[in-house]
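Quick notes on the structure that follows.
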Amino acid sequence: MGRQHVEQIAKQLEVLYPGDAKTLCALHFETPFQLLVATVLSAQTTDAAVNAATHVLFARYPTPQELAIADIANVAEIVYSTGFYRTKANRIVELAGQIVDRYQGEVPEQLEELTTLPGVGRKTANVVRSVCFGLPGLPVDTHVARLSNRLGLSSSQNAEVIEQELCGLLPESRWGSFSLQLILHGRRICRARTPSCFRCELAPSCDSAPASVR
DNA sequence: ATCCCGAGGG
DNA sequence: CCCTCTGGAT
C-alpha cells in the first residue's frame with residue numbers, strides 16, 4: 001500500500017466525482033435534522049427510496065418538534081417502502097423526541113453525542129458531521145468497506161478499523177468526500193457481485209483487478 | 001449471530 | 001430467483 005498508492009486513488013476519484021461531501025451526497029434535505037433522519041432511513045435501502053419517503057415525510061413533519069409528536073402508524077406508512085419500516089418509524093420519532101428534549105431541537109455535532117441517539121451509529125453520525133457540518137468524519141458503509149478491501153487500502157472487515165485506517169491515510173479535509181466518492185464508484189463500477197474492472201478507471205492502481213485490465 | 005423488511009438490479 | 005441496498009440494536 002503506502003502513501004503514494006492512496007494519493008493516486010484519491011486523485012483519480014476527485015476527477016471522476018468532483019465536489020465536497022455536501023455536493024456529492026445524494027440524500028435530499030434542508031436542515032441537519034432532516035439529513036439525520038434521511039440517513040437513519042437509508043439503512044439497507046437505496047437513496048432513491050429514501051428521497052421518495054422523505055419528500056412526503058418532511059412535507060408533513062419538517063421539524064423535530066413536529067415529528068416528535070407524530071402518529072407512529074402514519075410515519076410507518078410513509079417510510080414503508082424503505083424497508084424495516086416499523087423499526088425506522090419508531091426510531092425517527094424517538095430520535096426527534098430526544099433532539100427536542102436533550103438538545104433543544106438542535107442536532108449535536110460531536111460524534112459521541114450523535115451516537116447516543118436511537119438509530120444513530122457511527123456511520124450515520126459521520127455522515128451528519130461531514131455532509132452537514134463540514135466537520136471531519138469518514139462514514140464507512142458497505143461500499144466503503146468493500147472498495148477499501150479491493151483497492152488494498154485496508155484488509156479489515158471491521159467498519160471502525162477500516163475508518164481508522166482510511167483516516168490515517170488521508171487529510172481530514174478529504175475524509176467526507178472520499179467516502180462519498182467510494183460509494184459512487186461502488187455503485188457505478190465496483191459493484192458487490194459484478195465489478196466492471198474492464199471499464200474501471202482505478203483498475204491500474206487496484207490490487208484486485210485482473211492482470212488483463214491493469 | 002440474528003433480527004428488522006421492502007424493492008429493484010443482474 | 002438470488003442478491004444487495006449509504007445499518008443499528010439486541
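As the structure is a computational prediction, the values presented were derived from the model and not from experiment. Chain letters run A, B, ... following the sequence lines, proteins first, then strands; residues in each count from 1. Values reported hereafter were calculated over all heavy atoms of this structure, with side chains retained and with hydrogens, waters and symmetry mates removed.
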Donor + acceptor pair across side chains of Ser205(A), Gln12(A) (<3.5 Å):
yes

Decide, applying a 5.5 Å centre-distance limit and a 30° plane-angle limit (both strict), whether Phe84(A) stacks on dC4(B).
yes

Reading DNA chain C from 5' onward, which residue's closest nucleotide shows up sooner: Pro118(A) or Ala26(A)?
Ala26(A)

When we call it a touch if two heavy atoms are under 4.0 Å apart, what does Ala49(A) touch: a base, just sugar-phosphate, or nothing?
nothing

Let me confirm one number: the OG1-CG distance from Thr124(A) to Leu111(A), rounded to the nearest 0.5 Å.
11.0 Å

Return yes if a side-chain donor-acceptor contact under 3.5 Å exists between Arg191(A) and Ser196(A), otherwise no.
yes

Considering only the P atoms, how many Å lie between dC5(B) and dT10(C), rounded to the nearest integer?
14 Å

Heavy atoms only, 4.0 Å cut-off, all strands: where does Val120(A) land among base, sugar-phosphate and nothing?
sugar-phosphate

Quick one: do Lys88(A) and Arg91(A) satisfy side chain to side chain contact (heavy atoms under 4.5 Å, CB included)? Show the steps, please.
CA-CA 5 Å; Lys88(A) 286 176 179 176; Arg91(A) 277 183 187 169; 5.5 Å; no

Hits for side chain to side chain contact (heavy atoms under 4.5 Å, CB included) against Tyr85(A), two or more places apart or cross-chain, chain-then-number order -> Ala76(A), Val79(A), Tyr80(A)

Rounded to the Å, how far apart are Arg187(A) CZ and dG8(B) P?
15 Å

Expressed in angstrom and rounded to an integer, what is the separation of Arg86(A) atom CZ from dC5(B) atom P?
5 Å

Proximity to DNA chain C (any heavy atom under 4.0 Å), residues of residues 122-130 of chain A only:
Lys123(A), Thr124(A), Val127(A)

For a 4.5 angstrom cut-off between non-hydrogen side-chain atoms, does Val127(A) reach Asp141(A)?
no

Contact class for Thr45(A) (heavy atom, under 4.0 Å): base, sugar-phosphate, or nothing?
base

Side chain to side chain contact (heavy atoms under 4.5 Å, CB included) partner of Tyr61(A), chosen from Ile92(A), Val37(A), Val93(A), Asn74(A):
Asn74(A)

Sugar-phosphate, base or nothing in reach of Ser179(A), heavy atoms under 4.0 Å:
nothing

For chain A and DNA chain C, what are the first and last nucleotides along the strand, 5' to 3', with at least one atom under 4.0 angstrom from a heavy atom of the protein chain?
dC3(C) to dA9(C)

Given that His143(A) and Arg91(A) both sit by DNA chain C, which one's nearest nucleotide is further toward the 5' end?
His143(A)

Would Glu201(A) and Arg188(A) pass as an ion pair if we require N to O under 4.0 Å?
yes

If you measure from the P atom in dT6(C) to the same atom in dG9(B), how many Å do you get, rounded?
12 Å

Base, sugar-phosphate alone, or nothing: which one does Leu117(A) contact when heavy atoms must sit under 4.0 Å apart?
sugar-phosphate

Is any side-chain heavy atom of Leu180(A) closer than 4.5 Å to a side-chain heavy atom of Tyr17(A)?
no

